[in-house]
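Notes to accompany the following structure.
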Amino acid sequence: MTSSAPFAAARAPRANPFQLIGRTVLAALREIGRIAVFWGRVLLACVTPTIYVREFLRQCLKIGFYSMPVVGLTAVFIGAALALNIYTGGSRFNAEQFVPNIVVLGISRELGPTLAGLMLAGRVSAGIAAEIGAMRVTEQIDALLTLSTKPERYLYAPRVLAAIITLPILVVVTDIIGVMGGYLVSVGSLNFNGDTYLRNTWQFVTNNDIVSGLIKAAVFGAIIALMGCYQGDRSKGGAGGVGRAATLAVVGAAVLILASNYVMTSIFVRIGL
Amino acid sequence: MSADTTSGPRFGETPILELKNVHKAFGPKQVLCGVDLSVRAGQSLVIIGGSGTGKSVTIKCALGLLRPDKGEVFFDGLPATTRKAMDALRRRTGMLFQGGALFDSLSVWENVSFALLHRDGVGRGEAKKRAIEALAKVRLGPSTADLRTAELSGGMQKRVALARAIIAKPDLIFFDEPTTGLDPITADAVNDLIVAQVKALGAAAVTITHDMASVRKIADEVAMLHEGRIIWRGPAADIDQSGSDYIDQFVHGRAEGPIQPAL
(Lines give C-alpha, C1' and ligand atoms only; values in the text may rest on other atoms or scores of the structure.)
Protein backbone atom coordinates (compact mmCIF):
# COMPACT_ATOMS: atom_id res chain seq x y z
CA MET A 1 0.00 0.00 0.00
CA THR A 2 2.67 2.39 1.01
CA SER A 3 4.87 1.45 -1.94
CA SER A 4 2.10 2.22 -4.46
CA ALA A 5 1.32 5.65 -3.02
CA PRO A 6 4.02 7.57 -4.90
CA PHE A 7 2.83 6.06 -8.19
CA ALA A 8 -0.75 7.00 -7.40
CA ALA A 9 0.34 10.55 -6.64
CA ALA A 10 2.28 10.80 -9.92
CA ARG A 11 -0.65 9.62 -12.04
CA ALA A 12 -2.21 12.41 -14.09
CA PRO A 13 -5.71 13.37 -12.99
CA ARG A 14 -8.31 11.74 -15.20
CA ALA A 15 -9.99 14.27 -17.49
CA ASN A 16 -13.63 14.87 -16.68
CA PRO A 17 -15.62 14.00 -19.86
CA PHE A 18 -18.00 16.90 -19.22
CA GLN A 19 -15.03 19.27 -19.12
CA LEU A 20 -13.80 17.89 -22.43
CA ILE A 21 -17.22 18.29 -24.03
CA GLY A 22 -17.58 21.80 -22.61
CA ARG A 23 -14.11 22.81 -23.80
CA THR A 24 -14.81 21.48 -27.31
CA VAL A 25 -18.19 23.22 -27.53
CA LEU A 26 -16.72 26.52 -26.33
CA ALA A 27 -13.83 26.25 -28.81
CA ALA A 28 -16.31 25.56 -31.63
CA LEU A 29 -18.46 28.54 -30.58
CA ARG A 30 -15.39 30.77 -30.44
CA GLU A 31 -14.39 29.70 -33.95
CA ILE A 32 -17.91 30.30 -35.29
CA GLY A 33 -17.88 33.74 -33.66
CA ARG A 34 -14.50 34.59 -35.22
CA ILE A 35 -15.67 33.42 -38.66
CA ALA A 36 -18.89 35.46 -38.34
CA VAL A 37 -17.03 38.64 -37.35
CA PHE A 38 -14.46 38.18 -40.13
CA TRP A 39 -17.12 37.49 -42.77
CA GLY A 40 -19.15 40.47 -41.57
CA ARG A 41 -16.13 42.78 -41.89
CA VAL A 42 -15.25 41.51 -45.37
CA LEU A 43 -18.84 41.60 -46.68
CA LEU A 44 -19.15 45.17 -45.38
CA ALA A 45 -15.96 46.05 -47.27
CA CYS A 46 -17.53 44.51 -50.41
CA VAL A 47 -20.47 46.92 -50.39
CA THR A 48 -18.82 50.14 -49.20
CA PRO A 49 -16.17 52.29 -50.91
CA THR A 50 -13.28 51.99 -51.66
CA ILE A 51 -13.32 49.10 -54.17
CA TYR A 52 -9.93 48.29 -55.70
CA VAL A 53 -11.04 47.79 -59.32
CA ARG A 54 -7.64 46.70 -60.71
CA GLU A 55 -7.29 44.07 -57.99
CA PHE A 56 -10.91 42.95 -58.53
CA LEU A 57 -10.34 42.46 -62.28
CA ARG A 58 -7.12 40.56 -61.61
CA GLN A 59 -9.01 38.22 -59.27
CA CYS A 60 -11.82 37.76 -61.83
CA LEU A 61 -9.18 36.51 -64.24
CA LYS A 62 -7.54 34.22 -61.64
CA ILE A 63 -10.72 32.83 -60.10
CA GLY A 64 -13.03 32.83 -63.09
CA PHE A 65 -11.13 32.55 -66.34
CA TYR A 66 -8.38 30.20 -65.19
CA SER A 67 -10.96 27.85 -63.63
CA MET A 68 -12.73 27.30 -66.96
CA PRO A 69 -10.71 24.22 -68.03
CA VAL A 70 -11.20 22.31 -64.77
CA VAL A 71 -14.90 23.19 -64.57
CA GLY A 72 -15.47 22.39 -68.25
CA LEU A 73 -13.80 19.00 -68.01
CA THR A 74 -15.79 18.13 -64.90
CA ALA A 75 -19.02 19.18 -66.58
CA VAL A 76 -18.58 17.17 -69.77
CA PHE A 77 -17.86 13.92 -67.89
CA ILE A 78 -20.62 14.46 -65.35
CA GLY A 79 -23.15 15.21 -68.12
CA ALA A 80 -22.09 12.09 -69.99
CA ALA A 81 -22.20 9.82 -66.91
CA LEU A 82 -25.54 11.29 -65.88
CA ALA A 83 -27.08 10.52 -69.28
CA LEU A 84 -25.86 6.91 -69.11
CA ASN A 85 -27.20 6.43 -65.57
CA ILE A 86 -30.58 7.97 -66.35
CA TYR A 87 -30.86 5.84 -69.48
CA THR A 88 -30.07 2.67 -67.53
CA GLY A 89 -32.41 3.55 -64.67
CA GLY A 90 -35.15 4.85 -66.98
CA SER A 91 -35.11 1.71 -69.13
CA ARG A 92 -36.38 -0.28 -66.14
CA PHE A 93 -39.77 1.41 -66.52
CA ASN A 94 -39.63 2.47 -70.17
CA ALA A 95 -38.70 6.08 -69.43
CA GLU A 96 -35.55 6.35 -71.55
CA GLN A 97 -37.02 9.30 -73.45
CA PHE A 98 -36.67 11.48 -70.33
CA VAL A 99 -32.87 11.46 -70.47
CA PRO A 100 -32.53 15.02 -71.91
CA ASN A 101 -35.08 16.42 -69.42
CA ILE A 102 -33.48 14.89 -66.36
CA VAL A 103 -29.94 15.70 -67.50
CA VAL A 104 -30.72 19.38 -67.91
CA LEU A 105 -32.72 19.50 -64.68
CA GLY A 106 -30.03 17.70 -62.68
CA ILE A 107 -27.21 19.79 -64.06
CA SER A 108 -28.82 23.21 -63.92
CA ARG A 109 -30.41 22.89 -60.47
CA GLU A 110 -27.96 20.68 -58.63
CA LEU A 111 -24.86 19.21 -60.19
CA GLY A 112 -23.68 22.28 -62.10
CA PRO A 113 -23.45 24.66 -59.12
CA THR A 114 -22.46 22.00 -56.57
CA LEU A 115 -19.72 20.40 -58.63
CA ALA A 116 -18.38 23.73 -59.88
CA GLY A 117 -18.42 24.90 -56.25
CA LEU A 118 -16.58 21.81 -55.01
CA MET A 119 -14.00 22.00 -57.80
CA LEU A 120 -13.39 25.67 -57.03
CA ALA A 121 -13.22 24.92 -53.31
CA GLY A 122 -10.20 22.80 -54.18
CA ARG A 123 -8.64 25.13 -56.72
CA VAL A 124 -9.56 28.62 -55.56
CA SER A 125 -10.14 28.38 -51.81
CA ALA A 126 -6.84 26.56 -51.28
CA GLY A 127 -5.06 29.03 -53.56
CA ILE A 128 -6.47 32.04 -51.72
CA ALA A 129 -5.66 30.55 -48.31
CA ALA A 130 -2.09 29.75 -49.38
CA GLU A 131 -1.53 33.19 -50.92
CA ILE A 132 -3.00 35.13 -47.98
CA GLY A 133 -1.29 32.78 -45.53
CA ALA A 134 2.10 33.37 -47.16
CA MET A 135 1.43 37.11 -47.01
CA ARG A 136 0.55 36.79 -43.31
CA VAL A 137 3.69 34.85 -42.34
CA THR A 138 6.00 37.10 -44.39
CA GLU A 139 4.52 40.24 -42.74
CA GLN A 140 3.04 41.55 -46.01
CA ILE A 141 -0.33 42.02 -44.30
CA ASP A 142 1.35 44.00 -41.51
CA ALA A 143 3.07 46.03 -44.24
CA LEU A 144 -0.34 46.78 -45.79
CA LEU A 145 -1.59 48.08 -42.45
CA THR A 146 1.47 50.31 -41.99
CA LEU A 147 0.72 51.73 -45.45
CA SER A 148 -2.79 52.69 -44.18
CA THR A 149 -4.47 50.03 -46.33
CA LYS A 150 -6.97 47.63 -44.79
CA PRO A 151 -6.46 44.02 -45.90
CA GLU A 152 -10.22 43.40 -45.93
CA ARG A 153 -10.55 46.11 -48.59
CA TYR A 154 -7.43 45.52 -50.66
CA LEU A 155 -7.05 41.74 -50.38
CA TYR A 156 -10.28 40.09 -49.27
CA ALA A 157 -13.15 42.11 -50.78
CA PRO A 158 -11.81 41.89 -54.39
CA ARG A 159 -11.48 38.12 -54.05
CA VAL A 160 -14.95 37.67 -52.55
CA LEU A 161 -16.59 39.95 -55.15
CA ALA A 162 -14.74 38.22 -57.98
CA ALA A 163 -15.84 34.79 -56.72
CA ILE A 164 -19.47 35.92 -56.26
CA ILE A 165 -19.58 37.29 -59.81
CA THR A 166 -17.53 34.70 -61.71
CA LEU A 167 -18.93 31.52 -60.15
CA PRO A 168 -22.42 32.03 -61.67
CA ILE A 169 -20.74 32.64 -65.04
CA LEU A 170 -18.76 29.41 -64.59
CA VAL A 171 -21.99 27.61 -63.70
CA VAL A 172 -23.63 28.79 -66.93
CA VAL A 173 -20.61 27.33 -68.75
CA THR A 174 -20.92 24.13 -66.67
CA ASP A 175 -24.63 23.85 -67.54
CA ILE A 176 -23.98 24.21 -71.26
CA ILE A 177 -21.01 21.82 -71.33
CA GLY A 178 -22.78 19.34 -69.04
CA VAL A 179 -25.82 19.23 -71.32
CA MET A 180 -23.50 18.81 -74.29
CA GLY A 181 -21.78 15.90 -72.49
CA GLY A 182 -25.18 14.22 -72.09
CA TYR A 183 -26.00 15.02 -75.72
CA LEU A 184 -22.78 13.47 -77.04
CA VAL A 185 -23.31 10.21 -75.16
CA SER A 186 -27.02 10.06 -75.94
CA VAL A 187 -26.57 10.68 -79.66
CA GLY A 188 -23.30 8.77 -80.01
CA SER A 189 -24.00 5.68 -77.89
CA LEU A 190 -27.68 5.57 -77.03
CA ASN A 191 -29.10 6.26 -80.52
CA PHE A 192 -31.00 9.45 -79.61
CA ASN A 193 -31.89 11.86 -82.38
CA GLY A 194 -29.75 14.99 -81.90
CA ASP A 195 -32.43 17.54 -82.88
CA THR A 196 -35.02 15.90 -80.67
CA TYR A 197 -32.59 15.74 -77.74
CA LEU A 198 -31.82 19.46 -77.95
CA ARG A 199 -35.48 20.43 -78.51
CA ASN A 200 -36.56 18.40 -75.46
CA THR A 201 -33.83 19.98 -73.39
CA TRP A 202 -34.72 23.52 -74.44
CA GLN A 203 -38.48 23.00 -73.98
CA PHE A 204 -38.15 21.38 -70.57
CA VAL A 205 -35.74 23.73 -68.81
CA THR A 206 -37.33 26.77 -67.12
CA ASN A 207 -35.97 30.11 -65.99
CA ASN A 208 -36.40 28.97 -62.38
CA ASP A 209 -34.07 26.01 -62.97
CA ILE A 210 -31.34 28.31 -64.22
CA VAL A 211 -31.91 31.09 -61.67
CA SER A 212 -31.90 28.72 -58.69
CA GLY A 213 -28.56 27.32 -59.88
CA LEU A 214 -27.10 30.78 -60.31
CA ILE A 215 -28.20 31.88 -56.83
CA LYS A 216 -26.54 28.80 -55.39
CA ALA A 217 -23.39 29.55 -57.40
CA ALA A 218 -23.16 33.11 -56.06
CA VAL A 219 -23.51 31.85 -52.47
CA PHE A 220 -20.90 29.12 -53.08
CA GLY A 221 -18.57 31.75 -54.56
CA ALA A 222 -18.85 33.82 -51.39
CA ILE A 223 -18.21 30.74 -49.21
CA ILE A 224 -15.16 29.67 -51.26
CA ALA A 225 -13.47 33.07 -51.17
CA LEU A 226 -14.41 33.91 -47.57
CA MET A 227 -13.18 30.57 -46.27
CA GLY A 228 -9.89 30.96 -48.16
CA CYS A 229 -9.39 34.49 -46.87
CA TYR A 230 -10.31 33.56 -43.29
CA GLN A 231 -8.00 30.57 -43.05
CA GLY A 232 -5.18 32.45 -44.80
CA ASP A 233 -5.57 35.41 -42.46
CA ARG A 234 -5.38 33.14 -39.40
CA SER A 235 -2.38 31.14 -40.58
CA LYS A 236 0.83 31.28 -38.62
CA GLY A 237 4.05 29.37 -38.14
CA GLY A 238 5.66 29.32 -41.58
CA ALA A 239 5.18 26.80 -44.39
CA GLY A 240 3.40 24.28 -42.16
CA GLY A 241 0.87 26.91 -41.09
CA VAL A 242 0.22 27.94 -44.67
CA GLY A 243 -0.33 24.30 -45.71
CA ARG A 244 -2.72 23.78 -42.79
CA ALA A 245 -4.63 26.94 -43.76
CA ALA A 246 -5.07 25.66 -47.33
CA THR A 247 -6.35 22.28 -46.10
CA LEU A 248 -8.76 23.85 -43.61
CA ALA A 249 -10.03 26.24 -46.28
CA VAL A 250 -10.85 23.41 -48.70
CA VAL A 251 -12.48 21.22 -46.04
CA GLY A 252 -14.45 24.12 -44.55
CA ALA A 253 -15.60 25.42 -47.92
CA ALA A 254 -16.64 21.93 -49.13
CA VAL A 255 -18.67 21.21 -45.99
CA LEU A 256 -20.33 24.63 -46.06
CA ILE A 257 -21.12 24.28 -49.79
CA LEU A 258 -22.88 20.96 -49.23
CA ALA A 259 -24.73 22.17 -46.12
CA SER A 260 -25.82 25.46 -47.69
CA ASN A 261 -26.84 23.59 -50.86
CA TYR A 262 -29.34 21.58 -48.83
CA VAL A 263 -30.65 24.67 -47.03
CA MET A 264 -31.08 26.63 -50.28
CA THR A 265 -32.73 23.69 -52.05
CA SER A 266 -35.22 23.38 -49.17
CA ILE A 267 -36.01 27.09 -49.41
CA PHE A 268 -36.36 26.98 -53.21
CA VAL A 269 -38.71 23.99 -53.01
CA ARG A 270 -40.80 25.78 -50.37
CA ILE A 271 -41.10 29.02 -52.34
CA GLY A 272 -41.56 27.25 -55.66
CA LEU A 273 -38.35 28.45 -57.31
CA MET B 1 20.11 52.26 -15.94
CA SER B 2 22.08 55.20 -17.21
CA ALA B 3 21.13 58.79 -16.71
CA ASP B 4 18.65 60.20 -19.19
CA THR B 5 20.61 61.75 -21.99
CA THR B 6 17.83 62.09 -24.48
CA SER B 7 17.65 65.87 -24.42
CA GLY B 8 20.12 67.46 -26.77
CA PRO B 9 20.30 70.49 -28.95
CA ARG B 10 19.77 68.52 -32.17
CA PHE B 11 16.49 66.91 -31.20
CA GLY B 12 12.96 68.21 -30.71
CA GLU B 13 11.65 68.80 -27.18
CA THR B 14 8.43 66.80 -27.41
CA PRO B 15 8.90 63.10 -28.07
CA ILE B 16 7.41 62.15 -31.43
CA LEU B 17 6.85 58.64 -30.06
CA GLU B 18 6.42 57.61 -26.47
CA LEU B 19 5.59 54.24 -24.95
CA LYS B 20 4.50 54.29 -21.32
CA ASN B 21 4.41 51.14 -19.20
CA VAL B 22 3.53 48.91 -22.16
CA HIS B 23 2.70 45.29 -21.30
CA LYS B 24 2.03 42.51 -23.76
CA ALA B 25 1.53 38.78 -23.24
CA PHE B 26 0.86 35.92 -25.63
CA GLY B 27 -1.08 33.34 -23.65
CA PRO B 28 0.94 32.55 -20.53
CA LYS B 29 4.12 34.12 -21.95
CA GLN B 30 4.62 37.69 -20.76
CA VAL B 31 6.75 39.38 -23.44
CA LEU B 32 6.68 43.05 -22.46
CA CYS B 33 6.54 43.91 -18.75
CA GLY B 34 6.32 47.70 -18.67
CA VAL B 35 8.33 49.17 -21.52
CA ASP B 36 8.97 52.90 -21.28
CA LEU B 37 10.51 54.47 -24.35
CA SER B 38 10.59 57.83 -26.07
CA VAL B 39 12.07 59.15 -29.29
CA ARG B 40 12.41 62.80 -30.22
CA ALA B 41 12.15 64.31 -33.69
CA GLY B 42 15.39 63.80 -35.61
CA GLN B 43 16.73 61.26 -33.12
CA SER B 44 17.87 57.77 -34.05
CA LEU B 45 17.19 55.24 -31.30
CA VAL B 46 18.39 51.67 -31.63
CA ILE B 47 16.84 48.95 -29.46
CA ILE B 48 19.09 45.97 -28.85
CA GLY B 49 18.43 42.74 -27.01
CA GLY B 50 18.61 39.00 -27.31
CA SER B 51 16.33 36.88 -29.45
CA GLY B 52 12.80 36.64 -28.06
CA THR B 53 13.11 39.62 -25.71
CA GLY B 54 10.24 41.46 -27.39
CA LYS B 55 11.97 43.96 -29.67
CA SER B 56 9.66 43.31 -32.62
CA VAL B 57 6.65 43.18 -30.31
CA THR B 58 7.63 46.63 -29.00
CA ILE B 59 7.57 48.27 -32.42
CA LYS B 60 4.45 46.36 -33.42
CA CYS B 61 2.75 47.79 -30.34
CA ALA B 62 4.03 51.25 -31.29
CA LEU B 63 2.60 50.88 -34.80
CA GLY B 64 -0.73 49.50 -33.59
CA LEU B 65 -0.14 46.12 -35.26
CA LEU B 66 -0.48 44.61 -31.78
CA ARG B 67 -2.65 46.03 -29.03
CA PRO B 68 -0.84 46.38 -25.69
CA ASP B 69 -2.54 44.62 -22.77
CA LYS B 70 -1.64 47.57 -20.56
CA GLY B 71 0.09 50.92 -21.01
CA GLU B 72 -0.15 53.63 -23.63
CA VAL B 73 1.44 54.73 -26.88
CA PHE B 74 1.66 58.46 -27.66
CA PHE B 75 2.42 59.87 -31.08
CA ASP B 76 3.35 63.53 -31.24
CA GLY B 77 2.02 63.98 -27.70
CA LEU B 78 -1.40 62.46 -28.43
CA PRO B 79 -2.54 59.00 -27.35
CA ALA B 80 -2.68 56.62 -30.32
CA THR B 81 -5.68 54.78 -28.99
CA THR B 82 -8.44 55.57 -31.48
CA ARG B 83 -8.55 54.35 -35.07
CA LYS B 84 -8.28 57.97 -36.26
CA ALA B 85 -5.16 58.58 -34.17
CA MET B 86 -3.66 55.33 -35.42
CA ASP B 87 -4.39 56.29 -39.03
CA ALA B 88 -2.63 59.62 -38.43
CA LEU B 89 0.34 57.80 -36.91
CA ARG B 90 0.61 55.43 -39.87
CA ARG B 91 0.37 58.28 -42.39
CA ARG B 92 3.42 59.89 -40.79
CA THR B 93 5.50 56.77 -40.28
CA GLY B 94 7.43 54.39 -42.49
CA MET B 95 8.42 50.83 -41.71
CA LEU B 96 11.14 48.57 -43.05
CA PHE B 97 10.31 44.97 -42.18
CA GLN B 98 12.91 42.33 -41.42
CA GLY B 99 12.19 40.30 -44.54
CA GLY B 100 11.31 43.34 -46.62
CA ALA B 101 7.61 42.33 -46.76
CA LEU B 102 7.41 43.41 -50.39
CA PHE B 103 4.19 42.49 -52.20
CA ASP B 104 5.20 39.76 -54.61
CA SER B 105 2.16 40.26 -56.84
CA LEU B 106 3.31 43.81 -57.67
CA SER B 107 6.27 45.24 -59.56
CA VAL B 108 9.06 47.07 -57.75
CA TRP B 109 7.73 50.54 -58.56
CA GLU B 110 4.19 49.57 -57.50
CA ASN B 111 5.62 48.37 -54.18
CA VAL B 112 7.59 51.57 -53.64
CA SER B 113 4.69 53.85 -54.52
CA PHE B 114 1.98 51.76 -52.82
CA ALA B 115 1.08 54.48 -50.30
CA LEU B 116 0.95 57.12 -53.03
CA LEU B 117 -1.29 54.98 -55.25
CA HIS B 118 -3.67 53.55 -52.68
CA ARG B 119 -3.61 56.02 -49.81
CA ASP B 120 -2.83 59.41 -51.30
CA GLY B 121 -4.65 58.94 -54.64
CA VAL B 122 -1.64 59.87 -56.80
CA GLY B 123 -2.01 58.88 -60.49
CA ARG B 124 0.00 55.93 -61.79
CA GLY B 125 2.25 58.03 -64.05
CA GLU B 126 3.22 60.45 -61.28
CA ALA B 127 3.55 57.59 -58.76
CA LYS B 128 5.95 55.71 -61.04
CA LYS B 129 8.04 58.86 -61.53
CA ARG B 130 8.29 59.37 -57.76
CA ALA B 131 9.04 55.68 -57.22
CA ILE B 132 11.97 55.90 -59.65
CA GLU B 133 13.23 58.98 -57.75
CA ALA B 134 12.96 57.08 -54.46
CA LEU B 135 14.77 54.10 -55.97
CA ALA B 136 17.58 56.41 -57.06
CA LYS B 137 17.96 57.56 -53.44
CA VAL B 138 18.69 53.97 -52.44
CA ARG B 139 21.04 53.55 -55.42
CA LEU B 140 18.78 51.46 -57.61
CA GLY B 141 18.47 52.37 -61.27
CA PRO B 142 15.24 52.94 -63.20
CA SER B 143 15.63 49.52 -64.85
CA THR B 144 14.70 47.86 -61.53
CA ALA B 145 11.34 49.65 -61.44
CA ASP B 146 9.53 47.18 -63.67
CA LEU B 147 11.06 44.03 -62.17
CA ARG B 148 9.14 41.66 -59.92
CA THR B 149 10.34 41.50 -56.32
CA ALA B 150 11.22 37.80 -56.71
CA GLU B 151 13.85 38.84 -59.27
CA LEU B 152 15.77 40.92 -56.71
CA SER B 153 18.64 39.87 -54.44
CA GLY B 154 18.28 40.17 -50.66
CA GLY B 155 20.20 43.46 -50.56
CA MET B 156 18.12 44.91 -53.38
CA GLN B 157 14.93 43.86 -51.62
CA LYS B 158 16.04 45.71 -48.48
CA ARG B 159 16.78 48.81 -50.55
CA VAL B 160 13.38 48.62 -52.26
CA ALA B 161 11.77 48.26 -48.83
CA LEU B 162 13.75 51.30 -47.67
CA ALA B 163 12.56 53.27 -50.72
CA ARG B 164 8.97 52.28 -49.84
CA ALA B 165 9.49 53.40 -46.24
CA ILE B 166 10.80 56.87 -47.21
CA ILE B 167 8.77 57.75 -50.30
CA ALA B 168 5.98 59.51 -48.39
CA LYS B 169 8.53 61.59 -46.40
CA PRO B 170 7.59 60.21 -42.96
CA ASP B 171 8.38 61.89 -39.64
CA LEU B 172 9.24 58.58 -37.98
CA ILE B 173 10.72 55.43 -39.51
CA PHE B 174 10.92 51.97 -37.94
CA PHE B 175 13.62 49.55 -39.03
CA ASP B 176 13.20 45.91 -38.01
CA GLU B 177 16.56 44.11 -38.31
CA PRO B 178 17.55 46.04 -41.46
CA THR B 179 20.79 44.12 -42.07
CA THR B 180 19.73 40.58 -41.15
CA GLY B 181 20.67 38.07 -43.84
CA LEU B 182 23.02 40.43 -45.69
CA ASP B 183 26.77 40.09 -46.16
CA PRO B 184 28.87 42.62 -44.17
CA ILE B 185 29.56 44.83 -47.18
CA THR B 186 25.92 45.02 -48.29
CA ALA B 187 24.88 45.46 -44.65
CA ASP B 188 27.24 48.43 -44.33
CA ALA B 189 25.85 49.92 -47.54
CA VAL B 190 22.29 49.53 -46.22
CA ASN B 191 23.35 51.16 -42.92
CA ASP B 192 24.85 54.09 -44.85
CA LEU B 193 21.63 54.48 -46.83
CA ILE B 194 19.53 54.41 -43.66
CA VAL B 195 21.67 57.10 -42.03
CA ALA B 196 21.68 59.25 -45.17
CA GLN B 197 17.94 59.02 -45.78
CA VAL B 198 16.93 59.53 -42.16
CA LYS B 199 19.14 62.63 -41.98
CA ALA B 200 17.87 63.92 -45.35
CA LEU B 201 14.25 63.62 -44.16
CA GLY B 202 15.02 64.95 -40.68
CA ALA B 203 12.94 62.04 -39.40
CA ALA B 204 13.17 60.17 -36.13
CA ALA B 205 14.20 56.52 -36.43
CA VAL B 206 13.63 53.50 -34.24
CA THR B 207 15.74 50.51 -35.22
CA ILE B 208 15.86 47.06 -33.70
CA THR B 209 18.91 44.97 -34.41
CA HIS B 210 21.40 42.42 -33.13
CA ASP B 211 24.10 43.78 -35.41
CA MET B 212 26.57 45.86 -33.39
CA ALA B 213 28.05 47.35 -36.58
CA SER B 214 24.58 48.71 -37.36
CA VAL B 215 24.23 50.02 -33.82
CA ARG B 216 27.48 51.97 -34.02
CA LYS B 217 26.62 53.38 -37.44
CA ILE B 218 22.93 54.21 -37.04
CA ALA B 219 22.36 55.04 -33.39
CA ASP B 220 22.31 58.37 -31.61
CA GLU B 221 21.04 56.49 -28.59
CA VAL B 222 20.86 52.84 -27.63
CA ALA B 223 18.29 51.13 -25.42
CA MET B 224 18.61 47.56 -24.25
CA LEU B 225 15.52 45.39 -23.83
CA HIS B 226 15.80 42.44 -21.49
CA GLU B 227 13.04 40.33 -19.94
CA GLY B 228 10.40 42.72 -21.23
CA ARG B 229 11.90 45.91 -19.81
CA ILE B 230 14.36 48.58 -20.94
CA ILE B 231 17.31 47.90 -18.65
CA TRP B 232 19.75 50.47 -20.03
CA ARG B 233 19.57 53.52 -22.23
CA GLY B 234 22.31 55.91 -23.22
CA PRO B 235 24.22 57.58 -26.03
CA ALA B 236 25.72 55.26 -28.64
CA ALA B 237 29.16 56.66 -27.79
CA ASP B 238 28.82 55.31 -24.20
CA ILE B 239 28.05 51.76 -25.19
CA ASP B 240 31.58 50.52 -24.52
CA GLN B 241 31.66 52.18 -21.08
CA SER B 242 28.08 51.52 -20.07
CA GLY B 243 28.91 49.94 -16.70
CA SER B 244 26.18 47.39 -17.41
CA ASP B 245 27.11 43.70 -17.44
CA TYR B 246 24.19 43.05 -19.76
CA ILE B 247 25.40 45.60 -22.32
CA ASP B 248 28.99 44.36 -22.04
CA GLN B 249 27.94 40.77 -22.64
CA PHE B 250 25.78 41.75 -25.62
CA VAL B 251 28.34 44.10 -27.19
CA HIS B 252 31.10 41.52 -26.94
CA GLY B 253 28.85 38.61 -27.91
CA ARG B 254 29.80 36.40 -24.95
CA ALA B 255 27.80 33.31 -24.01
CA GLU B 256 28.81 33.77 -20.34
CA GLY B 257 27.16 36.52 -18.38
CA PRO B 258 23.82 37.56 -16.91
CA ILE B 259 21.94 36.99 -20.20
CA GLN B 260 21.16 33.32 -20.82
CA PRO B 261 21.56 32.26 -24.48
CA ALA B 262 18.22 31.54 -26.17
CA LEU B 263 18.89 27.84 -26.84
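As the structure is a computational prediction, the values presented were derived from the model and not from experiment. Proteins come first, then strands; the chains are lettered A, B, ... in the order of their sequence lines, and each starts at number 1.
- Looking only at heavy-atom pairs under 4.5 Å with chain B, the residue among A:Asp142, A:Ile141, A:Leu144 that has the most is A:Asp142.
- Between B:Lys128 and B:Glu110 there is no salt bridge, since no side-chain nitrogen of the basic residue lies less than 4.0 Å from a carboxylate oxygen of the acidic one.
- Under a 4.0 Å N-O distance rule, the pair B:Arg92/B:Asp76 qualifies as a salt bridge.
- The pair B:Lys20-B:Glu72 does not count as a salt bridge, with every side-chain nitrogen at least 4.0 angstrom from each carboxylate oxygen.
- Only the side chain of A:Thr149 comes within contact range of chain B, with heavy atoms under 4.5 Å apart.
- For B:Leu106, the part lying under 4.5 angstrom from a heavy atom of chain A is the side chain only.
- Heavy atoms of A:Arg153 lying under 4.5 Å from chain B are absent altogether.
- Cation-pi geometry between B:Lys24 and B:Phe26 is satisfied (NZ or CZ under 6.0 Å from the ring centre, within 45° of the ring normal).
- Within the 4.5 angstrom heavy-atom criterion, only side-chain atoms of B:Arg119, from C-beta onward, approach chain A.
- Of the atoms belonging to B:Phe103, heavy atoms from both backbone and side chain fall under 4.5 Å from chain A.
- Ion pairing between a basic and an acidic side chain is recognised when a charged N comes within 4.0 Å of a carboxylate O; A:Arg159 and A:Glu131 show such pairing.
- Taking 4.0 Å as the cut-off between side-chain N and carboxylate O, B:Glu151 and B:Arg148 do not count as a salt-bridged pair.
- In this structure, the portion of B:Leu102 lying under 4.5 Å from any heavy atom of chain A is its backbone and not its side chain.
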